[in-house]
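Working notes, beginning with the structure itself.
Treat the numbers as computed from the prediction; the structure is a model and nothing was measured.
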Amino acid sequence: MSTYDKKYDIIVVGAGHAGCEAALAAARMGHPALLITMNLDHIAAMSCNPAIGGLAKGHLVKEIDALGGEMAKNTDQTGIQFRRLNTRKGLAVQGSRSQNDMDLYRKRMKSVIENQPNLDIRQAMVDRLLVKNGRAYGVETHIHEKFLSETVILTTGTFLRGLIHIGLDHFQAGRMGDPPSVRLSRQLEKIGFEIGRLKTGTTPRLNGRTIDYQGLTAQYGDKDPRPFSFSTAELPLPQVPCYITYTNEKSHEAIRKGLDRSPLFSGIIKGTGARYCPSIEDKIVRFADRDRHQIFLEPQGLDTIEVYPNGLATSLPVDIQINMVRSIPGLEKAEILRPGYGIEYDYINPLQIKPSQETKLIKGLYHAGQINGTSGYEEAAAQGLMAGINAVLKIRGEDPLILKRSQAYIGVLIDDLVTKGTTEPYRMFTSRAEHRLLLREDNADFRLRDIGYRLGLVSESDYRQFCKKRENVKNLMKRLNDTKVRPESGINDHLKNIGASPVTQTTSMSQLLKRSEIFFDDLRSLDQGLVDIDPRVSLEIETRIKYEGYIERQEREVEKLSRMEDLGLPEGIDYRAIHGLTTEVREKLSKVRPVNLGQASRISGITPAAIMALQIHLKRGSIIKTRDLEEKGAANGI
């Protein structure tokens, strides 16, 4: 057994999307970090679909970028199609999504990792944590190497006791082609972590040369694609289309014939699958009245023939997969290059981590990504970034960074996990954010850029660019408020031409923009000084003005709720000693250990009466503390 002679501040186990963000954050904040992965060629591998973002997930990517993370930049540099989703609905629920070249995405992130100062990488399998007196101080690999550190971040993905299913065949693997992590999972269970089983799956990969695209509907990206990163000036890669096809009754019959050999329906798979991303066999059973299901044929890259049929996730036997695929229009002669499969894996109850993502059982140990019960690259990356930040802050002896629900989707994600837990793969939705009008994709930099810069994660040039944008927004808002439009014939003729009612009295440009039928582009012809305004600035202004009343209402709600969030609960509080709490409430509060009254109020089953009892207890404790301080002061002659 050997101990590596270099000691690190942070060791990150796993180099998926969570691990990459965690390791980069720690290193960029100036702390030596080690990233350990089973295969250096699989850093940031897109194990499932070749896409980043989507509804609510796009918000997470923008927030990661605003804080100084890497996912958005990597997405922009490797994206081959960009689309805005939900564009017919309000800005709060619109989202960005990209198709990415899977190989380029992996290679670029690996290059970023390799060239990051303060960051070392090592190929190895971690078999156990090194723990002493309830504190993590390093890891040991399968070949008995020891690496020492101040903190450890576990980002294990689907590798903890991973079990792949294809029909009635199953075998241990972390994902297809990679071994599982068995000993680490057993150690975590022995330590006392509550371990459950979840299930996810992926689609068969098809040979694009054997697909007949004639007659299929092409889906192109946006004509003027928007980058994910606030720092990206130009998207470098050519943009390509996806294609849409559908299952049919013949497909459904082929699937039904294989259900007796489905591990999902024969009871072999025990883990809980994603409710919002079911396998195709699950769809056929649950939605028996549907005569077809949409399939998106997504290219996996510019230089590969592999195609990802999004919507066909399955763990059916290979012969059934072939029959199913070839029953679909355009895929009659399609060849499967890699079969689809389901995978079960261990996760740890996220009620056992703090809002900082440090575990409650082991000090200095952090969990991020699918180990916390989430699904998706974006959810994992967001947790990884926050775990990396908070591991550094702990080493420095500083308070952790806890983003509020009113501040970021990242705050909603982590608060949901540590307050409510999860028994199925957690996926982010806009509906989970009660203050979503304040948490738009386009204003993520206004919400979080200052924090990222203060942490040292946002570069000086990126921050100056943001400050310039913020100043431009401020100046443009003033200009629109100060510029008046009079009820003159030329003005009213222009308004008539764009389908707007005339003005009958002197009106500011900002008041005009409040009208639902008028947009910022309509104002450019009224004021030549608006012609060259940066579209990102004009979008921010237009949103603020059009939604002003709604935004102010949500801000008042947030202010009211913040009083409760600011009432912190002592870490060692004994809930058994608080009068007025039921046994059930005491048990739940003792398990979650909420950090403040706001978090306590969001725990399932915590009643308003219980919150009132906590408030009385806190107030009584404050009075006693104040009285003690006064008595001490008097005794000292103060």
Side-chain angles (χ1 to χ4, degrees), residues 16 38-39 42 45-51 102 106 156-182 185 197-207 247 251 254-285 293 295-298 300 304 306-328 331 334-347 369-370 375-377 380 424-425 427:
M38 291 183 186
N39 191 331
H42 293 172
M46 301 176 104
S47 305
C48 196
N49 60 320
M102 294 179 77
R106 173 185 61 80
T156 51
T158 59
F159 281 73
L160 291 180
R161 284 195 283 217
L163 187 66
I164 283 179
H165 298 270
I166 303 175
L168 299 182
D169 295 314
H170 55 268
F171 50 90
Q172 291 186 327
R175 62 179 161 227
M176 189 67 81
D178 286 321
S181 177
V182 176
S185 188
R197 295 286 278 178
L198 294 178
K199 173 258 177 188
T200 188
T202 190
T203 73
R205 306 313 200 264
L206 308 180
N207 182 342
T247 63
S251 316
I255 292 168
R256 284 191 285 266
K257 284 182 179 178
L259 290 181
D260 61 329
R261 291 187 287 146
S262 162
L264 190 63
F265 289 95
S266 61
I268 293 175
I269 290 179
K270 306 297 182 183
T272 305
R275 184 190 315 180
Y276 305 103
C277 189
S279 64
I280 187 63
E281 55 265 39
D282 200 13
K283 290 180 189 176
I284 299 308
V285 173
H293 294 276
I295 308 298
F296 292 90
L297 301 177
E298 302 173 345
Q300 292 198 172
T304 179
E306 287 193 68
V307 171
Y308 184 94
N310 197 335
L312 276 186
T314 183
S315 56
L316 288 165
V318 174
D319 60 311
I320 300 298
Q321 291 189 36
I322 293 171
N323 292 338
M324 171 187 70
V325 165
R326 291 183 176 173
S327 69
I328 297 171
L331 307 182
E335 295 178 2
I336 292 177
L337 298 178
R338 311 181 199 219
Y341 62 87
I343 182 168
E344 286 185 281
Y345 56 94
D346 287 350
Y347 82 106
Q370 283 175 289
S375 68
Y377 308 147
E424 61 181 88
R427 180 180 179 180

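With rounding to the nearest 0.5 angstrom, the OH atom of Tyr345 is 4.5 Å from the CG atom of Leu198. Residue Ile284 holds its CD1 atom at 4.5 Å from CD1 of Ile255, rounded to the nearest 0.5 Å. Distance OG/Ser315 to CD1/Ile268: 9.5 Å, rounded to 0.5 Å. In this structure, the separation between OG on Ser251 and CZ on Arg256 is 10.0 Å, given to the nearest 0.5 Å. Rounded to the nearest 0.5 angstrom, His165 NE2 and Tyr341 OH are separated by 12.0 Å. To the nearest 0.5 Å, the span separating CZ on Arg175 from OG1 on Thr158 amounts to 7.0 Å.
Between Gly174 and Ile343, the closest heavy-atom pair is O-CD1, 3.0 Å. Here the closest non-hydrogen pair linking Arg161 and Asp346 is NE-OD2, 2.5 Å. The shortest non-hydrogen separation linking Gly258 to Pro317 is O-CD, 4.4 Å. Closest heavy-atom contact between Ser279 and Leu264: OG-CD2, 3.6 Å. Of all heavy-atom pairs between Tyr347 and Gln370, the closest is CB-O, 3.6 Å. Summarising the geometry of Thr203 relative to Leu312, their closest heavy-atom pair is CG2-C, 3.5 Å, with the distance given to 0.1 Å.
Looking only at distances, no side-chain donor or acceptor of Thr156 sits under 3.5 Å from a matching main-chain atom of Phe159. For Tyr377 (side chain) and Asn49 (main-chain N/O), a donor-acceptor pair under 3.5 Å exists by modelled atom type.
Legend: salt bridge (charged side-chain N to carboxylate O under 4.0 Å, His left out) pairs involving residues 313-328, not counting sequence neighbours, sorted by first then second residue: Arg261-Asp319.
Counting heavy atoms from C-beta on, the side chains of Met324 and Ile280 come closer than 4.5 Å. In this structure the side chain of Ser266 reaches within 4.5 angstrom of the side chain of Leu168, judged on heavy atoms. The closest side-chain heavy-atom distance from Ser185 to Val182 is not below 4.5 Å. Side chains of Leu331 and Leu297 form a contact here, defined as non-hydrogen atoms less than 4.5 Å apart. At a threshold of 4.5 Å between non-hydrogen side-chain atoms, the residues Ser181 and Met38 count as touching.
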Where do Asp282 and Phe265 land on the side-chain contact (heavy atoms from CB on, under 4.5 Å) test, with the steps shown first?
CA-CA 9 Å; Asp282 200 13; Phe265 289 95; 4.0 Å; yes
Quick one, Glu424 with Ser375, criterion side-chain contact (heavy atoms from CB on, under 4.5 Å). Give me CA distance, side-chain angles, the key distance, then yes/no.
CA-CA 9 Å; Glu424 61 181 88; Ser375 68; over 6 Å; no
Carefully, step by step, assess Leu259 and Glu281 under the rule side-chain contact (heavy atoms from CB on, under 4.5 Å).
CA-CA 8 Å; Leu259 290 181; Glu281 55 265 39; 4.0 Å; yes
Could you give me the CA-CA distance, side-chain angles and deciding distance for Met46 and Gln300, then say whether side-chain contact (heavy atoms from CB on, under 4.5 Å) is met?
CA-CA 10 Å; Met46 301 176 104; Gln300 292 198 172; over 6 Å; no
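Contacts of Ala274 classified as side-chain contact (heavy atoms from CB on, under 4.5 Å), with partners at least two apart in sequence or in another chain: Cys277, Pro425.
Paired with Pro339 under the rule side chain to side chain contact (heavy atoms under 4.5 Å, CB included), one option of Ile322, Ile166, Leu316 passes, and it is Ile166.
Remark: the Thr200 side chain and the Glu344 side chain contain no N/O donor-acceptor pair separated by less than 3.5 Å. Between the side chains of Thr314 and Gln321, not a single donor N or O lies within less than 3.5 Å of an accepting N or O. Thr202 and Arg205 form a side-chain donor-acceptor contact under 3.5 Å, judged by distance and modelled atom types alone.
With salt bridges taken as basic N to acidic carboxylate O contacts below 4.0 Å, one links Glu306 and Arg338.
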